[in-house]
Amino acid sequence: MKRECEIVQDLLFSYNDGVLSKSSIELVENHLKDCKVCQDKLKEIQLDNNKNNDEKKEVDYLKNVRKKLDKKTKIITISTILLVIIIILNIAVFVNYNNVASNIQIFMENDITQEELSQIEQKIIDNYKDIEITYNSSEDELNSMKEKFGDNQNLLAGYNESNNPFPASYIVKAKLKDVNNIKRDVENLDGVKKVTTYIEENPYLLFLLQIIN
Ligand SMILES: [Zn+2]
């Protein structure tokens with residue numbers, strides 16, 4: 001190999017990359033005109049270079065596809081989690097509503113007689129299946145209020161059996177479809193002061209209230 005060929009071939013990579021000074025470019029190009037060996041060497045370098053570029057493009061393309069897939073996977077995962085949360089929340093709301101709205105509380109007048117009490121209870125037992133009735137005396141009510149008041153229960157200290165401000169009540173647990181009928185059946189009976197149900201409340205509102213309490 002000629003001495004000049006050696007020098008030119010050392011410069012060929014930089015020549016191909018376009019980073020040579022003007023005078024070096026002149027030197028390389030003048031030599032290339034007459035030297036077949038160095039021309040071939042340059043072609044080889046250019047071929048190699050193109051191949052490398054193609055490979056790089058391919059790798060970039062694959063990286064891009066992967067990035068897009070990662071993004072898609074993320075979106076799908078987040079959507080799925082959100083969907084599951086929404087479904088679980090709705091089930092919880094539904095279960096809570098069924099639980100709360102199947103209760104009817106029947107408050108009694110203070111002067112209700114034992115006979116009137118039995119009539120109310122009988123009316124419900126005779127006409128509806130799968131019923132649970134709990135009697136809540138005004139004393140029970142006063143005691144549970146005192147419990148709720150906790151440290152402040154001396155506010156209620158003046159109250160006893162004779163001046164108890166809380167009415168006695170029946171708490172009835174029934175099927176949802178029977179709640180309105182039971183309310184209608186008992187609200188005009190003697191001794192009944194008021195009937196409360198949650199059947200017409202918004203299930204989501206009931207759920208929120210449950211959480212707050
Ligand atoms: Zn040469």
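As the structure lists them, so they are numbered: ligands from 1, and atoms in each ligand from 1. These numbers were taken from a predicted model, which means no experiment stands behind them. Counting begins at 1 with the first residue of the sequence.
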#### Entry: Rounded distance (nearest 0.5 Å) linking atom CD1 of I45 with atom CD of Q9
7.5 Å

### Query
Going by an N to O cut-off under 4.0 Å, is there a salt bridge joining K74 and D70?
no

### Task
Specify the closest pair of heavy atoms between Y135 and A168, including all atoms of both residues, with the distance to one decimal.
OH-CB, 3.5 Å

### Message
Looking at every heavy atom in both M108 and S169, which two are closest together, and how far apart are they?
### Response
CE-C, 3.8 Å

### Task
Please list, in chain and residue-number order, the protein N/O/S atoms closer than 2.8 Å to the Zn ion (ligand 1).
C5 SG, H31 NE2, C35 SG, C38 SG

#### Entry: With D126 via salt bridge (Lys or Arg N to Asp or Glu O under 4.0 Å) - residues at least two apart
none

#### Entry: Value rounded to 0.5 Å, distance of CG in D60 from CD in E55
12.0 Å

